[in-house]
Amino acid sequence: MSFLSFLISGISLGSIYAIMALGYTMVYGIAKMLNFAHGDVIMIGSFVVYYAVTGAGIPAPAAVLISVVVCTFLGIAIEKVAYKPLRRAASLAVLITAIGVSYLLQNLALLFFGADPKIFPNVITLPALNLFGGQLVIAGTTVMSIVANILIMIFLMLFIKKTKQGQAMLAVSEDKDAAMLCGINVNGTISLTFAIGSGLAAIAGVLLCSQYNQLTPYTGSLPGIKAFTAAVFGGIGSIPGAFFGGLLLGVIEILSSAYISSQLANAIVFAVLIIVLLVKPSGLFGRPMREKV
Amino acid sequence: MNTLLEVENLNVYYGVIQAIKNVSFTVGEGEVIALIGSNGAGKTTTLQTITGMLTPASGRIIFRGEDVTKVPGHKLVEMGISHVPEGRRVFSQLSVYENLKLGSFTRNNKSEIESSIKRVYRSFPRLEERKNQLAGTLSGGEQQMLAMGRALMSVPIIMLMDEPSMGLSPILVQEIFHIIEEIKRGGTTVLLVEQNANKALQIADRAYVLETGSIVKEGKASELLNDEAVRKAYLAS
């Protein structure tokens, strides 16, 4: 029974990674850049929830909604100010800018919110599930993470397959000029992608902080890198890749810390990534790079 | 005849290299205009500047009496300018049908869009046979048809075509030029860039000859076909 409970914890943690990985993978797919500030948007979103609930006494669901709105606009603003001017610049310049934005957000948070860890309020009040006569207890947060992940995936898949804006995203991700010649507003589509990715970051932030109960300006940093790893693991640019990459990463992390060593868990996670990339460089669901003819 | 598109003293640079020097020309309503010239003469650059893929250093582009030089490219599609780019640029990971649907991005009436798709299928029956296939799996000729079909989906007033016959077998070249004639008969104005000057001059009303970024000759297509210098330089006879 303990294996099952570890597995479920892994899937739950993996679900959070998956939601975060979506932000990386969608932005990469469309803007062809790695938004390293994504993890810090998650941290900002969590602080918004923290202050809304503990400071202003706003009910949790409303606080989460506010956080989604704040992160959405933060994502759009970061894109406009930091990345849009570099649309035609070398990818290294964009990468360094993204790292810069990441540190900027962390240090602004340090300045305004302080370095001392905040106790994250209990915003998910779902009761725990008691299965097999109390032998297996699944926390409300765990259930919520898994359900949120599945709903977000279904919603995104439908959005991309069925809506005009979703199809425009696919077109922009493949060929910006050809998309423009179809009448698609390329800059608008990129903004929308950042908006969706950052809105999801707010949700991921709430789930993450609810699981660990702690919040500092560096909260988004390591999970951000792991979510990025999950995106690469699944094949960067692929939405199902982010889903399965995130889940696998979460399960590997929890199972290795349970059965091998909790100190080595991160090392094992990254070792598995290296092995996957050696065998299949484009990731599990990634398309192999092809030369354009 | 009313002037539909007017290009005035256009200058375009790639960094410090000037690709287009003081290019001016007009396209009348319902005409087929050919821009001919050898590789690197600036034909593609001219088209790309008109549709906003490149920004000119100076000069004006006037469409239906309105200065559109600074209008963003995606808005031009809505205004009725459609561009079949060099190298087809179809969305290879999407199906033929999805590609055509994207061509109608600026339109909203679903039943009109479906009937436009049917019209494209009538012009290019091969596309209907392959409507659920990924565009990347099509042959070069089929991709060219798809690129043209996609451009037609915005119901353009003027269609810019960049080297539609490039890399195609003689039979397919014939087929593509038939379609261009059909597009013209349908009332759409065509600005055609071609290295196959012979074919282009046969279907064009008027033509401009570009050489290293400047227009060096212009006139009726039938006259240019018989022009000694043009024959020598571009028709290889």
Side-chain angles (χ1 to χ4, degrees), chain A residues 25-26 28-32 80 84-85 87-90 156-193 235-241 282-283 285-293, chain B residues 15 44 47-48 50-55 71-95 97-108 110 113 134-136 140 143 146-147 149-156 159-162 166-167:
Chain A
T25 223
M26 287 177 72
Y28 180 84
I30 282 153
K32 298 286 176 284
K80 279 262 171 327
K84 197 179 163 197
R87 196 61 49 79
R88 284 171 198 275
L156 270 183
M157 296 289 229
L158 287 176
F159 175 77
I160 285 176
K161 198 77 200 158
K162 299 282 179 205
T163 69
K164 245 173 117 167
Q165 274 311 319
Q167 290 284 300
M169 281 182 172
L170 288 181
V172 171
S173 86
E174 194 173 328
D175 187 334
K176 289 190 184 61
D177 279 333
M180 183 196 82
L181 293 180
C182 287
I184 293 164
N185 181 346
V186 173
N187 282 327
T189 306
I190 292 175
S191 283
L192 177 69
T193 310
I236 188 116
S238 153
I239 288 179
S282 51
F285 289 79
R287 294 197 182 92
M289 296 284 193
R290 254 180 307 177
E291 288 292 321
K292 280 210 172 149
V293 203
Chain B
T44 296
L47 292 195
Q48 291 187 337
I50 294 172
T51 49
M53 289 163 81
L54 294 169
T55 315
V71 173
H74 65 270
K75 290 243 168 75
L76 294 173
V77 181
E78 220 173 313
M79 294 172 76
I81 304 180
S82 165
H83 183 169
V84 185
E86 185 182 26
R88 293 120 199 185
R89 310 279 285 264
V90 295
F91 300 112
S92 58
Q93 308 292 348
L94 299 179
S95 72
Y97 177 78
E98 286 168 326
N99 267 273
L100 292 175
K101 269 297 262 289
L102 278 166
S104 68
F105 192 79
T106 54
R107 302 164 64 196
N108 288 314
K110 280 206 172 107
I113 290 171
L134 292 187
Q143 288 191 8
L146 180 56
R150 186 180 66 186
L152 283 167
M153 286 299 297
S154 63
V155 201
M159 220 163 140
L160 279 49
M161 290 186 220
D162 199 342
M166 190 156 62

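First the proteins, then the strands, lettered A, B, ... as listed; each starts at 1.
No part of S154(B) comes within reach of chain A, as not one of its non-hydrogen atoms sits under 4.5 angstrom from that chain. With a 4.5 Å cut-off on non-hydrogen atoms, V84(B) does not touch chain A at all.
For K161(A), the salt bridge (Lys or Arg N to Asp or Glu O under 4.0 Å) partners are E98(B), not counting sequence neighbours. Residues passing the ring-ring contact (aromatic ring centres under 6.0 Å, His included) test with F285(A) are F244(A), sequence neighbours excluded.
Using a 4.5 Å cut-off on side-chain heavy atoms (C-beta onward), L181(A) and P85(B) make contact.
Atom CZ of R88(B) sits about 14.0 Å away from atom CG of D175(A), to the nearest 0.5 Å. Considering CZ of F105(B) and CE of M180(A), their distance stands at 13.5 Å, rounded to 0.5 Å. Note that CG of D177(A) is 9.5 Å distant from NE2 of H83(B), once rounded to the nearest 0.5 Å. Atoms CD and CG, on Q167(A) and N99(B) in that order, are 9.5 Å from each other to the nearest 0.5 Å.
In plain terms, the two heavy atoms of R150(B) and C182(A) that are nearest each other are CD-SG, 3.7 Å. For A171(A) against L102(B), the heavy-atom pair with the smallest separation is CB-CD1, 3.7 Å. Between R89(B) and A178(A), the closest heavy-atom pair is O-CB, 3.5 Å.
For K164(A), the NZ atom is densely surrounded, since the number of other residues' heavy atoms within 6.0 Å is greater than 12.
A donor-acceptor pair under 3.5 Å is formed between the side chain of E174(A) and the backbone N or O of Q93(B).
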